[in-house]
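In what follows, chains are A, B, ... by sequence order, proteins preceding strands, each numbered from 1.
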Amino acid sequence: MHGLINRSIQSFVCQTYGDDLWRRIMRHADLGYDEFESMLSYEDAITYQVLDLLGADLSRDRDDLLEDLGTYLVSHPELEGLRRLLRFAGTSYSEFLHSLDDLPDRTRLAVADLHLPRMELREHTPGQFSLTCYPGIPGFGHVIMGVLRAMADDYGALVMLQHEGQKDGVEVLSIALVDMRFAEGRQFDLGAGLAS
Amino acid sequence: MTDTPCNGAVIASDEFCRVLNLLCPMHVLLDATGHVVQVGPTLQKLRPDAPMQGRRVLELFDLQRPRRVSSMADLHAIAGQKLHLEMRDAPHTRLKGVLAPLPSGGGAVINLSFGISVLDAVRDYALTSADFAATDLTMEMLYLVEAKSAAMEASRQLNQRLQGAKIAAEEQAFTDTLTGLKNRRALDYILDRLCHDHVPFTLMHLDLDYFKAVNDTHGHAAGDHVLQQAARAMLGQIRKNDIVARVGGDEFILLLLDLDDRAVLDGIAERVIGRIEEPVPFNGKSCRISASIGIAFWSPEACLSPAELIEQADMALYAAKDAGRAQHRFYDSGAGAQTAAE
């Protein structure tokens, strides 16, 4: 698993539940280190071991944790950079949804060895979408659920999201875009991310 | 539908003007006299309070390359070439452009872009994605700039942490990387342990003679090789539990545990010096050095600190050096002076 993903989980746990919980989890995991490096690579099993220990400690479902992780990635001020990168994808929530097909390619442009599962958006009726997440990272669909939820807030859109389960590693989300301009949304100042 | 767009001069149809605005939001439409008939919405956004329409294009923009262009005829002459322009008033945003003559009427279109100055322009003029043509790659470029900065920052932090970890590891290391002997840090630790555990031992402070000459004459690689051979010579003359540490560039300390027999120590010191004096071949040359040794004893009764003990060995070492090097001396506690071994 790419270190960025593990590091995100670490950051999510530390910011949401505190450093003590993180240290406890890593002690239990007994990996010989207690921090992930975002630019290194790790065995996939390590990621899921940490997630399972976390779920057990918090008595929470792994899927729920992953969705919270997705929300955290977009909404926490410390990760403003990531929200901005996602906002580059489109000026409206609907454009953003349509850009998800490109997300793995966009990601690889930024970090060449970070491979995200392929995604495919289908619009069944106006405002009614389904997003298929192809295999690659088990549970990825739940993270995307959290991301979609938080990005809806970001764009000021009102959406209803549902994870329709997974089959052979393929996860399907259903997305009902109720109102594109439900709320004000957050500003996206194009020049704000550029060093002056 | 009339053919009188913008400010009255019949240069292009309304449809054509709309097409220009859609495809080239940073265009300037010129009439036959070089006056601006229409300006793209993004370009006008750079000067929201100063309408460009009606002004001479060369008053608005300084054409930096190609030079010596002052009339509409000059402009027509450079049609199709890449133009480098700068806005005449501040901020002097640099622009790139190309001019295409209109099919009739003597007018022309100049399409402009920010080129590499787009990063500044986006900030200076608060541009949004709506200000760029749908096919423009600027948004992708801005995305890449931010993504790469974030990735570089992550890499930079990793490098910093690795550097810190390397320094910490070096600080905690007990081994001299060149010779594989113990280092000063390890020696201090062992000396403390021995004193604490009341283990009697003898300390030899060994300093290589003529080593600098090898370094100066044959280079550092030869010097390093000689140091490694000297380390091997010392290790060959001590017992399994004794300790050799490299404590300086060409300085070593040997700890011989439970051994204070001067005759035995004489033998060890002489053999170590003898082995070190054996010529060391290196790249077809022969390197020759020697060594001087100062020897001091530690016993639980003497109540010496490690620092005091090393100082005594130092005094004996200086005596050996003063006596002409390539020999050893014992520290004599009674006289505070040093006695020759021989």
Side-chain angles (χ1 to χ4, degrees), chain A residues 2-8 10-11 32-42 73-74 78-96 98-99 102-114 116 155 185-196, chain B residues 22 25-26 41-43 45-46 48 90-91 93-94 113-166 168-169 172:
Chain A
H2 199 286
L4 267 173
I5 292 178
N6 289 354
R7 183 81 187 182
S8 307
Q10 176 184 337
S11 163
Y33 49 86
D34 55 8
E35 292 208 11
F36 288 115
E37 285 296 347
S38 43
M39 287 293 139
L40 298 182
S41 197
Y42 299 88
L73 289 178
V74 179
E78 276 219 349
L79 290 121
E80 170 72 5
L82 187 58
R83 174 189 89 93
R84 286 186 55 82
L85 291 178
L86 287 169
R87 280 292 290 256
F88 270 103
T91 47
S92 68
Y93 191 68
S94 148
E95 246 184 69
F96 166 74
H98 282 283
S99 79
D102 297 335
L103 188 64
D105 287 337
R106 279 183 169 268
T107 306
R108 276 193 305 106
L109 273 180
V111 183
D113 56 349
L114 177 50
L116 297 184
Y155 279 104
R186 277 168 76 190
Q187 282 291 317
F188 180 56
D189 175 2
L190 203 51
L194 306 169
S196 45
Chain B
L22 183 65
M26 288 184 63
T42 302
L43 188 58
K45 193 172 175 177
L46 309 192
T93 303
R94 287 159 174 259
S113 85
F114 291 109
I116 203 70
S117 70
V118 67
L119 300 182
D120 295 325
V122 163
R123 198 179 42 238
D124 291 350
Y125 302 114
L127 301 178
T128 72
S129 62
D131 292 317
F132 297 98
T135 50
D136 192 317
L137 289 176
T138 296
M139 291 300 285
E140 280 74 7
M141 198 180 96
L142 294 177
Y143 163 81
L144 269 185
V145 169
E146 282 202 35
K148 285 290 168 196
S149 310
M152 282 290 287
E153 175 60 17
S155 282
R156 200 187 58 79
Q157 285 180 2
L158 171 60
N159 281 337
Q160 242 172 18
R161 278 195 294 274
L162 289 179
Q163 177 70 7
K166 180 166 168 272
Q172 286 164 18

Non-hydrogen atoms of [X] and [Y] that approach each other most closely:
{"X": "B:Lys45", "Y": "B:Leu127", "answer": "CD-CD2, 4.1 Å"}
{"X": "A:Phe88", "Y": "A:Arg106", "answer": "O-NH2, 4.1 Å"}
{"X": "A:Tyr155", "Y": "A:Leu86", "answer": "OH-O, 4.2 Å"}
{"X": "B:Ser117", "Y": "B:Arg94", "answer": "OG-O, 3.0 Å"}

- [ ] Not counting sequence neighbours, which residues clear side-chain hydrogen bond (donor to acceptor under 3.5 Å, both in side chains) with A:Glu80? List them please.
- [x]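 Applying side-chain hydrogen bond (donor to acceptor under 3.5 Å, both in side chains) to A:Glu80 gives A:Arg83, A:Arg186.
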TODO: Kindly indicate, with the supporting measurements, whether the criterion side chain to side chain contact (heavy atoms under 4.5 Å, CB included) is fulfilled by A:Thr107 and A:Leu85.
DONE: CA-CA 9 Å; A:Thr107 306; A:Leu85 291 178; over 6 Å; no
Between [X] and chain A, which part of the residue has a heavy atom less than 4.5 Å away: side chain, backbone, both or neither?
{"X": "B:Leu158", "value": "both"}
{"X": "B:Ser149", "value": "neither"}
{"X": "B:Ala150", "value": "neither"}
{"X": "B:Ala151", "value": "both"}

Task: Neighbours of chain A found in residues 131-140 of chain B - heavy atoms under 4.5 Å - done: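 So the qualifying residues are B:Phe132, B:Met139, B:Glu140.
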Task: Donor-acceptor pair, side chain of A:Ser8 and main chain of A:Leu4, under 3.5 angstrom - done: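 Looks like yes, one N/O pair under 3.5 Å.
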Task: Distance (rounded to the nearest 0.5 Å) between A:Leu40 CG and B:Leu162 CG - done: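 Going from the CG atom of A:Leu40 to the CG atom of B:Leu162 covers 7.0 Å.
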